[in-house]
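Residue numbering restarts at 1 for every chain, and letters A, B, ... go by the order of the sequence lines.
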Amino acid sequence: MLLVALVACVAAIVPGPRWPRIWLACMVVGTGSILAAAVAVFAGAPDWEWWSAVRVGGERLHLRLDGLSAWFMALLGLVGGLGAIYARGYWPDDAHADSAARGRLWWGVMILSMGFVLLSSNGLHFLIAWELFALSGFFLITLDRQRREIRAAGWLYLAASHAGTLCLFAFFAALAGRTGSWELGPMRAHPELGPLFWLAFAGFAVKAGLFPLHIWLPSAHANAPSHVSALMSGVAIKMGVYGLIRFSGWLPTPAAVGWTITGIGAATALLGIALALAQNDLKRLLAYCSVENVGIIAVGLGGGLLGAADGDAGWGRLLLAGALLHVWNHGLFKALLFFAAGSVLHATGTREMSRLGGLWRSMPWTAVLFTIGAMAVSGLPPLNGFVSEWMIYLGLFDVVAGRSPAAWAAMPAVLMLALAGALALAAFVKAGAVVFLGAPRTRVAAEAHECGGSMRGAMVVLAAGCLAIGLAPAVFWPAAGRAVAAWNPPWAAGAPPAPLPTLGLANAVLVTLALAAGAGLWASARARGLRRSLTWDCGYASPAARMQYTGGAMAAIAVGWFGWIFGAERRQRRPRGPFPAGAHRIERMPEAVLERLIGPVAGAVMQVAGAARQLQHGRLQYYLVYLAGGLTALGTLVLVGEMK
Amino acid sequence: MNSTLNLLIGLAMGLNLLALGSSRLPSVIRAMAVQGVVLGMLPVVITREFHWPVALVALVTMGVKGFGIPALLRRAMRAANIEREIEPFIGFVPSLLLGAIGTIAAVAVAQRLPLLPEHAGTLLVPGALATIFTGFVLLVGRVKAISQVCGYLIMENGIYLFGMLLLHSTPLLVESGILLDLTVGVFVIGIIVDRIQRAFDSLDTRKLTVLRE
Amino acid sequence: MSTLLDILLRLTLWILLAPLLPGIINQVKAWVAGRRGPPVLQLYYDLSRLWRKSVVMSTLASPGFVAGPAVAWVALVGAAILLPIGPFGGGLSFKGDVILLVYLLAVARFCTTWAAMETGSAFEGMGAAREVSYAVLTEAALITAILALSVESGSVALDRMLALSAGTGAVLLAAGLFAVLLAENCRVPFDDPNTHLELTMIHEVMVLDHSGPPLAVILHGAALKLLLFAVLLSEAVLPMGRMSPLAATAALVGAVGAVTIGVGLVESLLARFAFRRVPLLLTIAFLLCLFALLLAWKGGPA
Amino acid sequence: MNAHLLILLPFAGAIAAAVWPGDRTRPWLLPAVGLVHLVLSCWLLVDPPPVEPGAWFAYDDLARAVLPAVSLLFLACATYGISYLRIRAERPNRVFVAALLGVLGLLSAGHQSRHLGVLWITTEGVTLAAVPLLHFNNTPRAFEATWKYLLIGGSGIAFSLLGSFCLGYASIHGGGSGDLTFHALAAQGAGLSRPWVLIAWVLLLVGYGTKMGLAPMHTWKPDAYGEAPGIIGAMLAGGVTTVAFTAVLRVRAVVDAAGAGDVASRTLLGLGLFSMLVAALLLLATRDFKRMLAYSSVEHMGILVIGASFGAAGTGAALFHVWSNSLTKGALFLSAGNIRRAAGARTMDEVRGMTSITPQSAAIFVTGMFAVTACPPFGPFFSELRVLRAGLEAGHGAAVGLLLGGLLLVFFGLTRLVFAIVDGRPRVVSTASVKRYPETASVILPPLVLLALSLWLGLATPPVLQQAWSAAVQSLFPGS
């Protein structure tokens, strides 16, 4: 199956740039077989392991498909394939003559390299696949190379990603140095390897976008073409999560790791969503929301680690399974939301919410699908986001109820999750309502058009996935159990430690009732006569679209509470006098970490670099003095050594 | 024997100071040339008896260092029409002081270096160190290309002087190879000096700061 | 089958009893003011009249304008079913139902605000913004309260959590939850259900454009929510599990009544706060719940 | 005999070039000699000749581990050189071709020198032979660069001569004969006088470090690489520096034998990290993409000596890195040359949008840039990873951390500059000049082949090379 996937993906890469149809077919077959391979593992196929005969870089390829890899493979297959379909409509050759072919090429490379990341069981090949995946991500983000801000976003991504990769260099090199081989596998029996996990943590956390290492994420996801954003947000950042889960499973982790990951995860969730709420750019909002969701996943993972350390199987399993399920869920609904945002962008040419509005009329499909995604991402029942958040909550509550020491991590985490959940709801009410409801704020919004069939189809599949996990969570338990068992074998799969079937039933009832009630009320309203009239504006005679509540205003209250953390910047001129003119109010939420922390540090480094530049001044005489200086310094070094 | 040797080396050290203190290019060149001749005589003095290969090398050294290279430099100097070094990086008095301090330091350092008894009594090591230092000061402290070349050559003279320690063990082939390289090197430098003179219409190396960050 | 019947019975009870509470509150207010208020059953009349009316819809609104209130109502009913009624337990009790309850409330909020935003009216946008923003704080307080109950009872299922009293922190918890109740149901001092100054309202302003059956559903849903919180508050504080079923039922009814009257009294005696001070009040509520949690942690079996 | 042929053949070629009549046909001598040289060196790589310990020249383990890389690089540059010299038909190429072949001969000799004095002579010879190559462009800038190259390089090489004498004196002082063959010096081992060994080591390190371009002795490098033609830059960065590096390794083996190995390691590490830091900072600041390559070369020289400071495993990794760096840097220099010609300028302020003007060269340039910053699956990735691993195994955690920090800054600097050049809207001047310098196969293939070789080197390192490297390490660290 994987062979088919490999062949199909390679087949897609090679002729892909020239022939879109063949590329699409190959991509669909390839991603389909990736998905099928994963499903085969869930269906009970034994773990698959394979060593190649040939050596690559001096090492034999070692691939391993176990429950955990399969879990992420499934997501990769689904989103990768749907993204390819979506791209047909979203980034066609006639509109993007120069970049569409490149996009197809790198898409194939990215899917393939992510697949290898998930399968590789050799440090060297893991790194190769990892960096290839990072680079293809960079080229996908900057498909449209003409725009400066896109290039800047791409560079930031590349820089951050490389910083993470260098941590991984150190990690894998140290691991290989200590174990004597590049081979990876369970090595919990060697406690001396424990401290190395911090290196892996730093490296993977950058990719996953955990606070405060998320700096690259918003601009990269916002500026990438939307199908790429979906893949980046849905799958690529999950590679970081995969790395964290994988190596926390294989390595013996220091006791503090569980606490740290939980803490950082909770903080990430809260701050991420607070920043999301503050955004005016639709895709940036979604990007920050990805930060939030990675935080939620990290809370689950950290809880799982605490559980493993505690020896308590119950809540640890639940938390880890919740985290894993949230990986899927976020992949599904975030891809859906990015697709929908892309369809809005495609139709209107802008991502600024304050220029949109009332799109439901011209793009009903997108509006409905976005709403589903928004409900899912806010963690509302009966959709999938709720299921995984529920599992994580439940695990944390179990910790608290059991009064285990880990409760001191769990209680703040629950609180932060609750705050994050409420803020997410606010953020997505804002996003959905400002974009799709009310009256169009600008001409572009009024002249929008619905997206094409391939884009719509991809979104429908994702929405169906969201609903399916929400309604039948128990169906997915065996797969999650398998992944959990791969993480920690003593937690081998068993009955779910939570009443998933009951939850599914409740959700199903809820859906039915909601549909019935909605339809019923609509019918009864129609039966009693339905008149249309202008929106009631308290007697104001000529309401205009610009009078609508803006996104910024909607978010202002809650964002204000976080202003002291992020240092919101505000410029305003109040209207004065009886005939006020030229009043304005501009609020901007700075990228706090980037602008307040990284920026000054980078500035300092650049200053040092500028100073170093002065040393290369072109005067030969001084260059010769450098020579003498080098001689003296080395001599001193040797002399000092000899004195000792 | 040692007294002759020390006398010659002392002479070379004196020439160092002369080169440092002189603002006129011809006298710097002359000091360098005389120093070359003096040093060229050393092998013969050290070996004490007459070996014709040693004598040949000595003769070639003297010829190249005392006459060939100085002639080349004088030609370049005339072509560029400069006689004096004006506004050096390191002034003449400071250069002299530096040179004096360097010479004293060289003697002091040489005292502390572990030397074989037959070398401990000679000025070979301090002389070599002082000459190298002088060459370096000229290299760094002068702005006219020709002065810098002189500095470079004086530095090479110092190293040559140091090489006298190994006179008995260095194969002749290696020695002549080194000599050949030096000669070619100076010729190449001469050519470049000539090109710089043509390209920049000056031999002031302060003008050579186009290439920088 | 009997489960289904049980659920139907509860449904009826909740739906029928809910509109009673606003009536009682209005009575109390009238009594404090020395007036003769509207009849206790006024809301029932209003609802039945609204149900018969025709609907006027904004030209901008989508079908979601009508569907939203319906879904919100369903969510509230669902939440109500989950909530155990004194000795009779919950309609569908399972581990983690409490989280579902909290999130069903969130669904309701999502739908009402969504429907409010349909019209493109600045006033309704304002209301929706306030609703979702203040909910952040109330949700924090609510979840802290639940944490406290969970620590106290060592369980994550509503029927066990609510069976015991909140222990030493009961008073704090009661105060905190009462504030949450006021905020979530848009009562004074957070909101004033009686004013019609659009700029100062939360809930009322969101339904400005609704009319006819959708408005009826919204009003009924609001009443349902009030009852839900009243029951939750009562059960969280009272040690229901230790009483006989009859006593428990009586206590519950009494407590709900007391809460209702309390709301009425607060509404009569306090003025609405400036919006700037609302977060402060809610933070205090949250802190009360937090102290209750800490007390529960210290006080419970180690 | 074959080993001597490696040296004599290029000299014969140089003489032939000097007397060859036609300017148009003369450049063909370059690839012809390069090809034979490559075949010879590869043959010797596979079938190493016996080495007489006291010989002055021999194709010994270290030469075997490094020289074929120089051969490969030379052949690629030579092939490129044909079309380059055709483009630059306005300049007579007699001296150029002869000097380039002379450089090859001296490089071969330098790699094979087993005598300290001979090594010095060849190194100085390379320095001098490269001079006419550097100022081939005949501009004032080129002369300035050459002048600096000569004086700084000359001073450095003077230090190494002094160092060589000191090492000889260490032998005499220790009771030895003063024989300057590495074999004899190492055999004397602890018998060498320690103070003189240390003095010699510092002087030789500074001297050959100047040749390698280690900071703070690197100052000639950006000027020389910036002004010289692309192929010369490639040869300097991949060939000349390599000789200096092997010289350092050979001396280090003697110092090790004399019992001062830890001092050597410490100084190498310090110098390497400092070079890395300086290169990283200058890369962040520079705006000229040819000078950028020079700083990148400084960085890689830093990595080499850091690797050498990590003991036997690190030295093996460094030898690997010599190969991957030579090949990758070669590709970068050649493609940079194409870009430079087409753009007519070389700073990021003037050059933009090269993807649309010279798409293939820009693609090679970008790929090479990723390769040289250790992005897999190219050679430098594998070799740098080995260096890291060796460092961690040797317990130099802090040094590895600094190295990684430096790599990160270097990556920032390189990507910043490279993307500024390839992206954006091209200048009008550039679009016009591209017609004069079309991207023909003859200027695209050599860098492409070098890149492919770098890829192949990383993914499928030939066993014979692995074996050659470990044999070289074995000969340098006989104890391990």
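In this structure, Trp147(D) and Gln148(B) have side chains that are in contact, with non-hydrogen atoms separated by less than 4.5 Å. Taking the side chain as every heavy atom from C-beta outward, Arg198(B) and Phe143(D) never approach each other to under 4.5 Å. Residues Phe159(D) and Phe136(B) have side chains in contact (heavy-atom distance under 4.5 Å, counting atoms from C-beta outward). The shortest side-chain heavy-atom distance between Glu144(D) and Thr205(B) does not fall under the 4.5 Å cut-off. Proximity of Glu124(D) to Val184(B): side-chain heavy atoms (C-beta onward) are nowhere separated by under 4.5 Å.
Residue contact with chain B, scored on non-hydrogen atoms closer than 4.5 Å, involves the side chain of Pro195(D) exclusively. Residue contact with chain B, scored on non-hydrogen atoms closer than 4.5 Å, involves the backbone and the side chain of Arg141(D) alike. Looking at Tyr149(D), neither its backbone nor its side chain comes within 4.5 Å of chain B, counting heavy atoms on both sides. Neither the backbone nor the side chain of Asp288(D) comes within contact range of chain B; no heavy atom of the residue lies under 4.5 Å from a heavy atom of that chain. Of the atoms belonging to Ala128(B), not a single heavy atom falls under 4.5 Å from chain D. There is no contact between Phe187(B) and chain D, counting heavy-atom distances below 4.5 Å. Heavy atoms of Ile192(B) lying under 4.5 Å from chain D belong exclusively to its side chain.
Checking side-chain atoms of Trp196(D) against main-chain N and O of Leu113(B) turns up no donor-acceptor pair under 3.5 Å.
Note that the CZ atom of Arg195(B) and the CG atom of Asn138(D) stand 6.0 Å from one another [nearest 0.5 Å]. For the atom pair Leu150(D) CG and Tyr152(B) OH, the distance stands at 8.0 Å (nearest 0.5 Å).
Looking only at heavy-atom pairs under 4.5 Å with chain B, the residue among Ile157(D), Val118(D), Leu151(D) that has the most is Leu151(D). The candidate with the highest count of non-hydrogen atom pairs below 4.5 Å against chain B, out of Thr127(D), Asp179(D), Val131(D), Ile172(D), is Ile172(D). Counting heavy-atom pairs closer than 4.5 Å to chain D, the top residue among Pro114(B), Gly158(B), Gly135(B), Ala199(B) is Pro114(B). Ranked by heavy-atom pairs under 4.5 Å with chain D, the list Val210(B), Val193(B), Leu208(B) is led by Leu208(B). Looking only at heavy-atom pairs under 4.5 Å with chain D, the residue among Ile191(B), Val149(B), Leu165(B) that has the most is Leu165(B).
Minimum heavy-atom separation, Thr209(B) to Lys148(D): CA-NZ, 4.3 Å. Heavy-atom minimum distance, Ile159(B) versus Leu162(D): CG2-N, 4.1 Å. Across all their heavy atoms, Leu166(B) and Gly168(D) have their closest contact at CD2-CA, 3.5 Å. Taking both residues in full, the closest heavy atoms of Ser155(D) and Leu139(B) are given as OG-CD2, 3.3 Å, listed atom of the first, atom of the second, then distance. In this structure, His173(D) and Leu116(B) approach most closely via the heavy-atom pair CD2-N, 3.7 Å. Between Ala158(D) and Glu156(B) the shortest heavy-atom distance is CB-OE2, 4.3 Å.
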Practice prompt. Evaluate side-chain contact (heavy atoms from CB on, under 4.5 Å) for Leu211(B) paired with Arg291(D), printing each intermediate quantity in order.
Written response: CA-CA 10 Å; Leu211(B) 299 179; Arg291(D) 292 171 78 88; 4.1 Å; yes
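Counted within 6.0 Å of CZ on Arg416(D), heavy atoms from surrounding residues, nucleotides or ligands total more than 12; the atom is thus considered enclosed.
Between Phe162(B) and Tyr169(D), the ring-plane angle classifies as perpendicular under the 30° and 60° cut-offs.
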